[in-house]
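Have a look at the structure below before the remarks.
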Amino acid sequence: MIPTTTAHDGLTLPVLGFGTYKLTGHAGAASIERAIASGYTLVDSAFNYENEGSVGAAVRASAHHHAARDELIVTSKLPGRHQQHDAAIATVEESAARMGLERIDLYLIHWPNPRQGTYVEAWQALIEAKERGLVGAIGVCNFLPEHLDRLHAETGVMPEVNQIELHPHFPQEEQLAYDREHGIITQAWSPLGRGGEMLAEPEIVRIAEAHRATPGQVILAWGIARGVVPIPKAASQDRQRENLGALELRLGDEEVSAITALGRPDGRLKGQDPAVYEEF
Ligand SMILES: NC(=O)C1=CN([C@@H]2O[C@H](COP(=O)(O)OP(=O)(O)OC[C@H]3O[C@@H](n4cnc5c(N)ncnc54)[C@H](OP(=O)(O)O)[C@@H]3O)[C@@H](O)[C@H]2O)C=CC1
Ligand SMILES: O=C(O)C(=O)[C@@H](O)[C@H](O)C(=O)CO
């Protein structure tokens with residue numbers, strides 16, 4: 001059992017989830033099923049990943065062997081091009097149909113796309129989708145305080161989840177403080193920096209050696225220690241299990257601070273600043 005964290009409106013999530021970007025087709029479904037068999041219960045996806053079919057197939061197959069449907073929290077995301085009210089409702093219904101599931105447990109707006117200017121309308125559609133029982137809980141990704149303040153001011157409903165880019169090169173101290181203050185669970189995307197140079201950071205390697213752990217486990221344990229829910233993606237069961245091993249690792253306060261200090265002002269992996277970036 002993975003420990004849990006709870007948002008302001010009662011949504012309870014495990015403190016570590018599973019990312020699925022790039023896991024597609026039959027091979028992707030098999031990989032996601034291995035992750036569920038390994039113990040992950042929070043599974044991320046998005047309409048734009050074109051893998052909702054693979055995620056749904058894995059969830060349905062797992063029900064026979066590994067995890068009952070109600071033990072899993074299946075997530076998907078609304079793309080920018082479908083933020084208008086009717087298109088948003090149709091997209092939520094299409095996501096569930098592609099997954100072959102009656103409903104999706106958590107549905108997120110993928111990007112605010114502030115220049116497009118329709119994220120409040122999209123949020124009103126997700127509120128309605130939740131009221132109609134099409135989805136279990138609703139949230140957002142890549143929202144800055146100004147976007148979240150506006151959602152609350154115009155609809156009275158705060159998201160339960162904000163899924164943001166967060167890793168040692170971009171620790172997101174201010175957004176994390178805002179989310180915490182408002183009872184929003186922060187999920188970390190690309191928590192391992194997409195498996196690149198971050199894993200070789202000398203400070204992280206030093207802490208890993210001190211704990212007889214791997215750099216990936218140290219980074220994930222750092223996120224969890226800060227109250228974040230990382231959602232690492234890993235194709236193989238070996239790495240899926242390795243990443244779950246982060247749950248056994250307790251870092252000291254000084255180690256957590258030392259990793260946070262690796263942050264850089266321009267630390268985003270691909271410069272995707274939600275104040276200006278738009279994804280359709
Ligand atoms: N809301 C949003 O805007 C976004 C959401 N996301 C979500 O977040 C998830 C995670 O982010 P993602 O971008 O995939 O990047 P991650 O930081 O999770 O890194 C994944 C990469 O790291 C490798 N890896 C996994 N575990 C280890 C390990 N222990 N040691 C070394 N390498 C490892 C994987 O390789 P391999 O698979 O070959 O093992 C893969 O190449 C996505 O899959 C997606 O679900 C991602 C981007 C944006
Ligand atoms: O993967 C996602 O969820 C995205 O939003 C993408 O923009 C991702 O960040 C990416 O880098 C696509 O190339």
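Note that ligands are numbered from 1 as they come in the structure, with each ligand's atoms numbered from 1 the same way.
Of the possible donor and acceptor atoms, none in the side chain of Gln187 sits under 3.5 Å from a partner among the backbone N and O of Ile231. A donor-acceptor distance shorter than 3.5 angstrom exists from the side chain of Arg250 to the backbone of Leu247, with no hydrogens or angles considered. Using a distance-only test at 3.5 Å, with no hydrogens or angles considered, no donor-acceptor pair links the side chain of Gln83 to the main chain of Gly80. Checked by atom type and distance alone, the side chain of Gln172 pairs as donor or acceptor with a backbone atom of Glu165 at under 3.5 Å. Put simply, the side chain of Glu201 never gets that close to the backbone of Met198: no donor and acceptor are under 3.5 Å apart. Using a distance-only test at 3.5 Å, with no hydrogens or angles considered, no donor-acceptor pair links the side chain of Ser190 to the main chain of Gly193.
With contacts defined as side-chain heavy-atom distances shorter than 4.5 Å, the pair Val140/Val161 does not qualify. In this structure, Leu269 and Phe170 have side chains that are not in contact, with every pair of non-hydrogen atoms separated by 4.5 Å or more.
Between Arg98 and Glu94, at least one side-chain N (NZ, or NE/NH1/NH2) sits under 4.0 Å from a carboxylate O, which counts as a salt bridge. The residues Glu93 and Arg132 are annotated as salt-bridged, a charged nitrogen and a carboxylate oxygen being separated by less than 4.0 angstrom. Salt bridge status for Glu203 with Arg206: present, with a side-chain N to carboxylate O gap under 4.0 Å. With respect to Asp105 and Arg69, a salt bridge is recorded, a charged nitrogen being found less than 4.0 Å from a carboxylate O.
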- request: Quick one: do Thr20 and Asp44 satisfy side chain to side chain donor-acceptor pair (under 3.5 Å)? Show the steps, please.
  value: CA-CA 6 Å; Thr20 68; Asp44 191 62; 5.4 Å; no

task: Determine, stepwise, if the pair Arg226 / Glu255 fulfils salt bridge (Lys or Arg N to Asp or Glu O under 4.0 Å).
output: CA-CA 12 Å; Arg226 299 172 76 228; Glu255 292 171 323; over 6 Å; no

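Annotation for ligand 2: atoms under 4.0 Å from non-hydrogen atoms of Tyr277 are 7 (O). Less than 4.0 angstrom separates some heavy atom of Tyr49 from each of these atoms of ligand 2: 1 (O), 2 (C), 3 (O). In summary, the atoms of ligand 1 found under 4.0 Å from a heavy atom of Leu199, numbered by their order in the structure, are 31 (C), 32 (N). Taking every non-hydrogen atom of His110 and a distance limit under 4.0 Å, the qualifying atoms of ligand 2 come out as 2 (C), 3 (O), 4 (C), 5 (O). Atoms of ligand 1 lying under 4.0 Å from any heavy atom of Pro232, numbered from 1 in the order shown and given with element: 18 (O). Less than 4.0 angstrom separates some heavy atom of Glu279 from each of these atoms of ligand 2: 4 (C), 5 (O), 6 (C), 7 (O). The contact set between ligand 1 and Gly193, taken as ligand atoms under 4.0 Å from a residue heavy atom, comprises 17 (O). Remark: ligand 1 atoms within the under-4.0 Å shell around heavy atoms of Asp44 are 7 (C), 44 (C), 45 (O). The atoms of ligand 1 that sit less than 4.0 Å from any heavy atom of His110 are 1 (N), 2 (C), 3 (O). Numbered from 1 in the order shown, with element, the atoms of ligand 2 that lie under 4.0 Å from a heavy atom of Lys270 read 10 (C), 11 (O), 12 (C), 13 (O). Here is the list of ligand 1 atoms found below 4.0 Å of a heavy atom in Gly195: 19 (O), 21 (C), 22 (O).
Between Ala235 and ligand 1, at least one N/O pair is under 3.5 Å apart. Residue Trp111 has at least one nitrogen or oxygen atom sitting less than 3.5 Å from a nitrogen or oxygen atom of ligand 2, judged on distance alone. Between Lys77 and ligand 2, a contact under 3.5 Å exists for no N or O pair.
In this structure, Phe143 and His147 approach most closely via the heavy-atom pair CD2-CB, 3.4 Å.
Scanning Tyr277, Tyr49, Phe18 for the heavy atom closest to atom 6 (N) of ligand 1 points to Tyr49. Distances from atom 39 (O) of ligand 1 to the heavy atoms of Glu242, Arg239, Arg194, Lys270 put Arg239 nearest. Looking at Trp111, Trp189, Tyr21 and measuring to atom 42 (C) of ligand 1, the nearest heavy atom belongs to Tyr21.
Side-chain contact, Glu279 with Tyr277: a donor N or O sits under 3.5 Å from an acceptor N or O.
Here the heavy atom of the protein found nearest to atom 12 (C) of ligand 2 is Tyr21 OH, 3.2 Å. Closest protein heavy atom to atom 14 (O) of ligand 1: Lys233 CB, 3.4 Å. Protein heavy atom at the shortest distance from atom 9 (O) of ligand 2 is Gln272 OE1, 3.2 Å. Ranking protein heavy atoms by distance to atom 1 (N) of ligand 1, first place goes to Gln163 OE1, 2.8 Å. Ranking the protein heavy atoms by distance from atom 9 (C) of ligand 1 puts Ile231 O, 3.3 Å first. Protein heavy atom in closest approach to atom 11 (O) of ligand 1: Ser190 N, 3.0 Å.
Between Arg194 and ligand 2 there is a heavy-atom distance shorter than 4.0 Å. Heavy atoms of Thr214 come nearer than 4.0 angstrom to ligand 1 in no pair at all. The closest approach between Lys77 and ligand 1 falls below 4.0 Å for a heavy atom of the residue.
With a heavy-atom cut-off of 4.0 Å, Asn142 touches ligand 1 through its side chain alone. Only side-chain heavy atoms of Asn243 come within less than 4.0 Å of ligand 1; its backbone N, CA, C and O stay farther off. Contact annotation for Leu192 and ligand 1: heavy atoms of both the backbone and the side chain come within less than 4.0 Å of the ligand. Residue His167 does not touch ligand 1, judged by heavy-atom distances below 4.0 Å. Using a 4.0 Å cut-off between heavy atoms, Pro191 contacts ligand 1 through both its backbone and its side chain. Under 4.0 angstrom from ligand 1, the non-hydrogen atoms of Cys141 all belong to its side chain.
Residues satisfying the salt bridge (charged side-chain N to carboxylate O under 4.0 Å, His left out) test with Arg81, not counting sequence neighbours, are none.
Counting heavy-atom neighbours within 6.0 Å of Glu50 CD, excluding the residue itself, gives a total of 12 or less.
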